[in-house]
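Here's the structure we're looking at; comments come further down.
Numbering starts at 1 and runs along the sequence shown. If you're wondering where the values come from, they're calculated on a predicted model, not measured in any experiment. Counting convention: from 1, in listed order, for ligands and their atoms alike.
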Amino acid sequence: MSSEALHVAREKLSRKTLEMHYAITSLMEEFEAVDWYRQRAEDTEDPELKKILLHNAREELEHAAMVLEWMRRNDAEVHEQLSEYLFKDGSIAGHEEEATGK
Ligand SMILES: [Fe+2]
């Protein structure tokens, strides 16, 4: 199986980098699908098709969440950043200033 998005010769990459590449690419594709389904759902004039497309968008979001969780479990830096920023109240940019002191 190949990936168009590799920027370095495959044989030069570690297994871990390749696995993370697959996850990142999949995450991008899942969110792209969410966006596409939502756009089509918003544009269709058929109510039943709208329901199906919104259902499909939610399923893609579920897939994205599963991949993101895999990334969190398998990459310490992803874990660190998600722990720092997700499910927090208040200003997101302000939180960065607090966390980094910048
Ligand atoms: Fe999906």
Quick check: does E60 put an N/O/S atom under 2.8 Å from the Fe ion (ligand 1)?
yes
Looking at E30, the N, O or S atom sitting nearest the Fe ion (ligand 1) is OE1
field: Pair E69 + R72, salt bridge at N-O below 4.0 Å
entry: yes
ask   = Does the side chain of Q39 come under 3.5 Å of the side chain of D35 through a donor N or O and an acceptor N or O?
value = yes
Note to self: Below 2.8 Å, can you find an N, O or S atom of E59 next to the Fe ion (ligand 1)?
What the structure shows: no
Do D75 and M20 come close enough that some side-chain heavy atom pair is under 4.5 Å? yes
Inset, instruction - Give the C-alpha distance, both sets of side-chain angles, the deciding distance and a yes or no for side-chain hydrogen bond (donor to acceptor under 3.5 Å, both in side chains) between H55 and E59. - result: CA-CA 6 Å; H55 164 85; E59 294 220 334; 3.3 Å; yes
For H63, the N, O or S atom at the shortest distance from the Fe ion (ligand 1) is ND1
